[in-house]
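The structure appears below as structure tokens.
These numbers come from the heavy atoms of this one structure, side chains and all, not from hydrogens, waters or symmetry mates. First listed ligand is number 1; within each ligand, the first listed atom is number 1.
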Amino acid sequence: MAGMDEKLEGIYSDIVRRNAGEAEFHQAAREVLESLGPVLAKRPELAEMKIIERICEPERQVIFRVPWQDDSGEVHVNRGFRVQFNSALGPYKGGLRFHPSVYLGIIKFLGFEQIFKNALTGLPIGGAKGGSDFDPKGRTDTEVMRFCQSFMTELYRHLGEYRDVPAGDIGVGAREIGYLFGMYKRITNNYESGVLTGKGLGWGGSLVRTEATGYGAVYFVQEMLKARGETLDGKRCIVSGSGNVAIYTIDKLQHLGATVVACSDSDGYVLDEGGIDVALLKQIKEVERLRLTAYADRRPASRFVPGGNIWEIPCEVAMPSATQNELNGRDAATLVKNGCIAVGEGANMPTTPDGVKIFLDAGVPFGVGKACNAGGVATSALEMQQNASRDSWTFEYTEQRLAQIMRDIHRTCYATAETYGAPGNYVLGANIAGFIRVAEAMVAFGVV
Ligand code: NDP
């Protein structure tokens with residue numbers, strides 16, 4: 001990727017110094033700063049107002065103790081986080097991640113990305129992220145419930161439909177949102193539907209929210225291909241992960257005529273040349289909460305490759321949808337060599353900086369996460385709209401809204417990249433377009 005001018009290098013050095021040991025946050029900040037040189041050249045007043053320095057400093061960071069008891073009575077102590085990064089465009093909005101790898105640097109990278117992603121949706125939402133180093137894997141429903149209740153007992157005081165509205169992320173799905181909402185409702189004695197998104201359909205949730213991130217990512221890839229006179233029909237695809245984003249990415253790709261031949265979890269990948277059976281995948285992951293090996297056990301035509309590298313499988317479209325830094329420079333080179341013609345990031349920052357550079361240099365359309373996976377948070381904002389008006393929309397209407405938002409995000413990123421002299425570079429287009437929208441609101445508010 002492009003280097004940075006001296007002023008931006010100075011800002012970046014300060015970020016590294018002031019946020020020691022937070023490698024993922026440094027990486028996310030660097031990627032955005034590398035795009036902003038041309039903006040500062042055109043808009044020197046943004047530098048004078050120190051908008052970049054202010055955007056890179058969270059408005060508020062909360063870290064708290066989460067004690068809970070497992071089913072045998074043993075006491076555990078986890079750490080909870082909520083980073084309220086930027087509220088220039090609306091209430092803080094961003095998911096909660098429960099995964100043992102969670103620490104402040106991961107929550108800050110995710111919260112930082114969320115500012116620009118939310119701005120790109122065009123909807124009135126600020127940026128935030130939260131979570132815990134709690135590992136839900138192997139825990140019973142009652143253990144997850146007690147953890148969620150303890151987590152919310154502290155978090156509730158920082159939330160509100162006009163203040164901060166969390167949703168799910170890795171390890172946080174409909175079950176966890178249910179326990180979190182139940183505890184919030186009990187503590188506050190308010191039925192405040194708009195305080196969490198990703199709720200169940202019977203109690204304030206929105207149709208299409210479950211599918212939204214995956215479906216939206218596929219719409220974005222569809223637009224990137226369309227801009228080059230291509231379609232998804234008949235394309236051979238790879239989707240990493242097998243969680244919420246991966247499942248509905250696979251679902252929509254195959255609905256549009258592509259064949260997804262592999263998906264993965266942290267133990268390896270499953271190869272299914274006939275195309276992943278989405279109904280079976282949902283049964284195993286969403287209903288029975290089993291590992292991906294169970295898929296291969298039940299579908300003889302497929303096989304599970306323990307510890308295998310999914311990016312070595314030849315494909316035309318790759319959609320990394322598991323976690324950060326899961327696709328490195330070597331993987332990107334392999335994909336390009338094997339004939340990959342488009343990459344869409346369902347996960348947040350799944351491609352390492354050297355991987356991104358390889359795709360950009362090779363001219364492979366690269367849908368950066370903050371644009372490509374924005375359909376999830378956009379539909380969360382649609383859920384908030386429905387809650388505010390005490391209404392619920394049909395699946396068709398909500399999906400049309402999602403599809404239109406994704407087309408608009410694509411158009412914005414594409415046009416911005418052209419305006420700033422980097423046609424086809426969605427990384428630059430997304431960073432600049434998201435930044436400008438937030439920056440203009442911050443300028444209007446004065447130094448606050
Ligand atoms: P889920 O918890 O539903 O699924 C996560 C999947 O990724 C699982 O298959 C998991 O495998 C795999 N995974 C997680 N960590 C690792 C790891 N360290 N190495 C290898 N595989 C891993 O999460 P989501 O599908 O919701 O989230 C996936 C990605 O999409 C994340 O980057 C998230 O931030 C991003 N995202 C999610 C949105 C949403 O609406 N849910 C919105 C926008 C972005 P295993 O079971 O083995 O851990």
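With Phe151 as the fixed residue, the ring pair (Phe, Tyr, Trp, His ring centres under 6.0 Å) test singles out one of Phe98, Trp68, Tyr179: Phe98. The one candidate from His26, Glu22, Glu24, Glu113 that meets the side-chain hydrogen bond (donor to acceptor under 3.5 Å, both in side chains) condition with Lys108 is Glu22.
Below 3.5 Å of separation, one finds an N or O of Arg291 facing an N or O of ligand 1. Geometrically, ligand 1 and Asp265 share no nitrogen or oxygen pair separated by less than 3.5 Å. Between Arg97 and ligand 1, at least one N/O pair is under 3.5 Å apart. For ligand 1, one of its N or O atoms has an N or O atom of Lys137 under 3.5 Å away. For the pair Asn348 and ligand 1, the shortest N or O to N or O distance falls below 3.5 Å. The N/O atoms of Gly171, backbone and side chain alike, include one that comes under 3.5 Å of an N/O atom in ligand 1. Considering backbone and side-chain atoms alike, Lys285 places every N or O at 3.5 Å or more from each N or O of ligand 1. Backbone and side-chain nitrogen or oxygen atoms of Asp267 are examined, and none is located within less than 3.5 angstrom of a nitrogen or oxygen of ligand 1.
Expressed to the nearest 0.5 Å, how far OG1 of Thr121 lies from CE of Met406 amounts to 10.0 Å. Within the model, atoms CG of Leu201 and CZ of Arg209 stand 12.0 Å from one another, a figure rounded to the nearest 0.5 Å. To the nearest 0.5 Å, atoms CG (Asn348) and CZ (Phe109) are separated by 5.5 Å. Here the CZ-CD distance, from Phe81 to Gln61, works out to 10.0 Å after rounding to the nearest 0.5 Å. Asp169 CG to Ile107 CD1: the interatomic distance, rounded to the nearest 0.5 Å, is 8.0 Å.
The closest approach between a heavy atom of Met349 and any atom of ligand 1 is not below 4.0 Å. The closest approach between Gln324 and ligand 1 stays at or above 4.0 Å for every heavy atom of the residue.
Checking side-chain atoms of Asp265 against main-chain N and O of Leu292 turns up a donor-acceptor pair under 3.5 Å. For Ser242 (side chain) and Ser264 (main-chain N/O), a donor-acceptor pair under 3.5 Å exists by modelled atom type. The main-chain N or O of Thr351 is found under 3.5 Å from a side-chain atom of Glu345 such that the two form a donor-acceptor pair.
The single protein non-hydrogen atom nearest to atom 6 (C) of ligand 1 is Gly243 N, 3.9 Å, given as residue, atom name and distance. Here the heavy atom of the protein found nearest to atom 17 (C) of ligand 1 is Thr323 CG2, 3.5 Å. Closest to atom 27 (O) of ligand 1 among all protein heavy atoms lies Ile170 CG1, 3.6 Å. In terms of protein heavy atoms, atom 34 (O) of ligand 1 is closest to Asp169 OD1, 2.6 Å. For atom 25 (O) of ligand 1, the nearest non-hydrogen atom of the protein is Val245 N, 2.9 Å. Nearest to atom 3 (O) of ligand 1 among the protein's heavy atoms is Asn244 N, 2.9 Å. What sits closest to atom 13 (N) of ligand 1 on the protein, heavy atoms only, is Ala322 CB, 4.0 Å.
Atom 10 (C) of ligand 1 lies below 4.0 Å from none of the non-hydrogen atoms of the protein.
Shortest non-hydrogen contact noted between Val66 and Gly80 is CG2-N, 3.7 Å.
Annotation: side chain of Thr249 is in contact with side chain of Val245 (closest heavy-atom distance under 4.5 Å).
Proximity to Arg209 (heavy-atom distance under 4.0 Å) selects the following atoms of ligand 1: 40 (O). Residue Ser321 approaches ligand 1 through these ligand atoms, each under 4.0 Å from one of its heavy atoms: 28 (C), 29 (C). Using a 4.0 Å cut-off to heavy atoms of His99, the atoms of ligand 1 that qualify are 15 (N). Interface atoms of ligand 1 facing Ser266, defined by a heavy-atom separation under 4.0 Å, are 11 (O), 19 (N), 20 (C), 21 (N), 45 (P), 47 (O), 48 (O). Close approach to Gly241 involves these atoms of ligand 1, each under 4.0 Å from a residue heavy atom: 9 (O).
The aromatic ring centroids of Tyr92 and Phe85 lie 6.0 Å or more from each other.
Counting heavy atoms closer than 4.0 Å to ligand 1, residue Thr213 contributes side-chain atoms (C-beta onward) but none from N, CA, C or O.
In this structure, a donor-acceptor pair under 3.5 Å is present between the side chains of Lys117 and Asn373.
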